[in-house]
Number of protein chains: 2
Amino acid sequence: MNIGQASKASGVSTKMIRYYDEIGLVRPSARTDANYREYDEREINELRFIRRARSLGFSMPEITQLLSLWRDRGRPSREVKAIADRHLADLDARIAEMQAMADTLRHLSHCCAGDDRPDCPILADLTQGALPSEPRPKARRAHVHGA
Amino acid sequence: MNIGQASKASGVSTKMIRYYDEIGLVRPSARTDANYREYDEREINELRFIRRARSLGFSMPEITQLLSLWRDRGRPSREVKAIADRHLADLDARIAEMQAMADTLRHLSHCCAGDDRPDCPILADLTQGALPSEPRPKARRAHVHGA
DNA sequence: CGTTGACCTTCCCGTCGTGGGAAGGTGCAG
DNA sequence: CTGCACCTTCCCACGACGGGAAGGTCAACG
């Protein structure tokens, strides 16, 4: 199977397949005389594995580890779980962070009239005590947030 | 105020301040004879504005728009709100996506024994019907120990 | 057998926001 | 005057991917 067929069979773009080759993640089992990459079924499965792992948000370093565990039929599931749990904690943290942003924004948007007038609590929040031209002392602290 | 003082006053790194200058977002009001950037209070406030906007997840193009609305004292709050709402929808979509990943992972992790045995529903999910080396018919019992 | 068009190869550039660091000029205090 | 902290510009890197150029290869069709 050449790279185009491997791409169709795995759902991974040829660009990415070459990239995975380059970084040593999935090397083609052979090259033809014309230097074309040759992939066998096992490698197609590895590409599919990577595709699925990426769809779950794993980073390339994590996938590298997962793939080597996948190849090792004697791996302890403990190690797989550890990677998954670490990634899960990371995901949860990022979700919480974005949720905080979204909550703040929802509140600000809710408070904004959204009409022709220039007064806008959204800009007021962004300003956070600093004004573009004139001083406004009215600091309505409705929402506190982190960095 | 030179760039170092502006950085301390705004909480934005000197690298970023130079970057904002480069992309035309916040230009120093003046340069000294020695070509040092000079920032005044207004620009410090703009830098703080950007910092706060970034902390809410706005992209640079969005911030460019927000900043120009902020500078325009006659802007309609409608426009600000539109930008915020668009970003909010984007945030919500990304949160939902990550939440789906996290939910899937949580389920898989929950089903994984996490011990010395190689059987792992996490890898099984990633495999999704593809096997690393030998054809495994279907569901496999937990007591199987490869030899 | 030659042309054609689809495919393959490598190599370089851009993304986006940020940090690192080199090479060289400037400001100020001792 | 020296030394050090600061400033300047310029280039490189990241992660994961896409676009595209320049050139080689393959297969089908006339």
Side-chain angles (χ1 to χ4, degrees), chain A residues 1-39 43-44 46-67 87 90-91 94 97-98 101 147, chain B residues 1-39 43 46-67 87 90-91 94 97-98 101:
Chain A
M1 260 208 219
N2 66 24
I3 201 173
Q5 295 167 318
S7 173
K8 271 168 201 138
S10 66
V12 177
S13 73
T14 59
K15 278 285 185 189
M16 281 301 98
I17 295 178
R18 289 195 191 94
Y19 176 67
Y20 297 150
D21 178 10
E22 189 190 332
I23 66 175
L25 194 52
V26 177
R27 293 244 142 89
S29 49
R31 292 268 191 158
T32 67
D33 289 348
N35 206 30
Y36 282 21
R37 288 172 181 81
E38 278 283 320
Y39 291 94
E43 286 142 2
I44 300 300
E46 295 188 351
L47 291 173
R48 279 197 273 253
F49 179 98
I50 293 170
R51 178 161 166 267
R52 171 74 177 144
R54 288 238 23 97
S55 82
L56 288 177
F58 285 101
S59 67
M60 297 312 293
E62 284 166 340
I63 290 178
T64 301
Q65 295 177 61
L66 286 173
L67 198 52
H87 176 51
D90 188 59
L91 271 179
R94 276 155 50 204
E97 204 175 323
M98 295 176 71
M101 292 179 187
Chain B
M1 260 207 220
N2 68 25
I3 201 173
Q5 296 166 319
S7 172
K8 271 168 202 136
S10 66
V12 177
S13 73
T14 60
K15 279 285 186 189
M16 281 301 98
I17 295 177
R18 289 195 191 94
Y19 175 65
Y20 297 151
D21 179 9
E22 188 189 333
I23 66 174
L25 195 51
V26 177
R27 293 244 142 91
S29 50
R31 293 269 189 156
T32 68
D33 289 349
N35 206 28
Y36 283 21
R37 289 173 180 80
E38 278 283 320
Y39 291 94
E43 286 142 5
E46 294 188 349
L47 291 172
R48 277 198 274 253
F49 179 98
I50 294 170
R51 178 160 168 268
R52 172 72 178 142
R54 286 230 35 93
S55 82
L56 287 176
F58 285 101
S59 66
M60 296 311 292
E62 286 166 337
I63 290 178
T64 301
Q65 297 176 60
L66 286 173
L67 198 52
H87 176 50
D90 188 58
L91 270 179
R94 275 155 50 204
E97 203 176 322
M98 294 177 71
M101 291 178 187

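Please read all numbers here as calculations on a predicted model, not as lab measurements. We name chains A, B, ... by the order of the sequence lines, and we start the count at 1 in each one.
By the ring-ring contact (aromatic ring centres under 6.0 Å, His included) test, F49(A) pairs with W70(A), sequence neighbours left out. Among residues two or more places apart in sequence or in another chain, the side chain to side chain contact (heavy atoms under 4.5 Å, CB included) test is passed with S59(A) by P61(A), E62(A). Not counting sequence neighbours, the partners of R52(A) by the salt bridge (charged side-chain N to carboxylate O under 4.0 Å, His left out) test are D125(B). For D21(B), the side chain to side chain contact (heavy atoms under 4.5 Å, CB included) criterion is met by R27(B), P28(B), R31(B), R37(B), Y39(B), not counting sequence neighbours. Evaluation of the side chain to side chain contact (heavy atoms under 4.5 Å, CB included) rule for E97(B) yields no partner, not counting sequence neighbours. Among residues two or more places apart in sequence or in another chain, the salt bridge (charged side-chain N to carboxylate O under 4.0 Å, His left out) test is passed with R18(A) by none. Residues forming a side chain to side chain contact (heavy atoms under 4.5 Å, CB included) with Q5(B) (at least two apart in sequence, or on another chain): M1(B), N2(B). When the ring-ring contact (aromatic ring centres under 6.0 Å, His included) test is applied to F58(B), the partners found at least two apart in sequence or on another chain are H87(B).
Taking atom CG of L25(A) as the reference point, atom P of dA16(D) lies 11 Å away to the nearest angstrom. To the nearest angstrom, C1' of dG17(C) lies 15 Å from CD1 of I17(B). The nearest whole Å value for the distance from the CG atom in N2(A) to the P atom in dA6(C) is 15 Å. In this structure, CD1 of I50(B) is placed 11 Å from P of dG17(C), rounded to the nearest angstrom. What separates CD of E22(B) from P of dC11(D) is a distance of 11 Å, to the nearest Å. Atom pair Q5(B):CD and dC28(C):P shows a separation of 11 Å (rounding to whole Å applied).
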In residues 7-15 of chain A, what donor-acceptor pairs under 3.5 Å come from side-chain atoms, sequence neighbours left out?
residue	atom	partner	partner atom	Å
S7(A)	OG	V12(A)	O	2.6
S10(A)	OG	A6(A)	O	2.7
S10(A)	OG	V12(A)	N	3.2
S13(A)	OG	M16(A)	N	3.1

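Remark: nothing in residues 51-63 of chain A comes within less than 4.0 Å of DNA chain C through any heavy atom.
Here S29(B) contributes atom OG and E43(B) contributes atom CD; the two are 4.0 Å apart, rounded to the nearest 0.5 Å. The distance from atom CG of L47(A) to atom CG of L25(A), rounded to the nearest 0.5 Å, is 8.5 Å.
Nearest-nucleotide positions on DNA chain D for S13(A) and T32(A) put S13(A) closer to the 5' end.
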Can you pull every protein N or O that's under 3.5 Å from an N or O on nucleotides 9-13 of chain C?
residue	atom	partner	partner atom	Å
dT9(C)	OP1	R37(A)	N	2.9
dT9(C)	OP1	R37(A)	NH1	2.9
dT9(C)	OP2	R18(A)	NE	3.0
dT9(C)	OP2	R18(A)	NH2	2.9
dT9(C)	OP2	R37(A)	NH1	3.4
dT9(C)	O5'	R37(A)	NH1	3.4
dT10(C)	OP1	R31(A)	NH1	3.4
dT10(C)	OP1	R31(A)	NH2	3.3
dT10(C)	OP2	R37(A)	NH1	3.0
dT10(C)	OP2	R37(A)	NH2	2.7

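An angle of 30°, rounded to 10°, separates the two end axes of the helix from dC1(C)-dG30(D) to dG30(C)-dC1(D), each defined over five pairs.
OP1 or OP2 of dC17(D) sits under 4.0 Å from a side-chain N or O of Y20(A).
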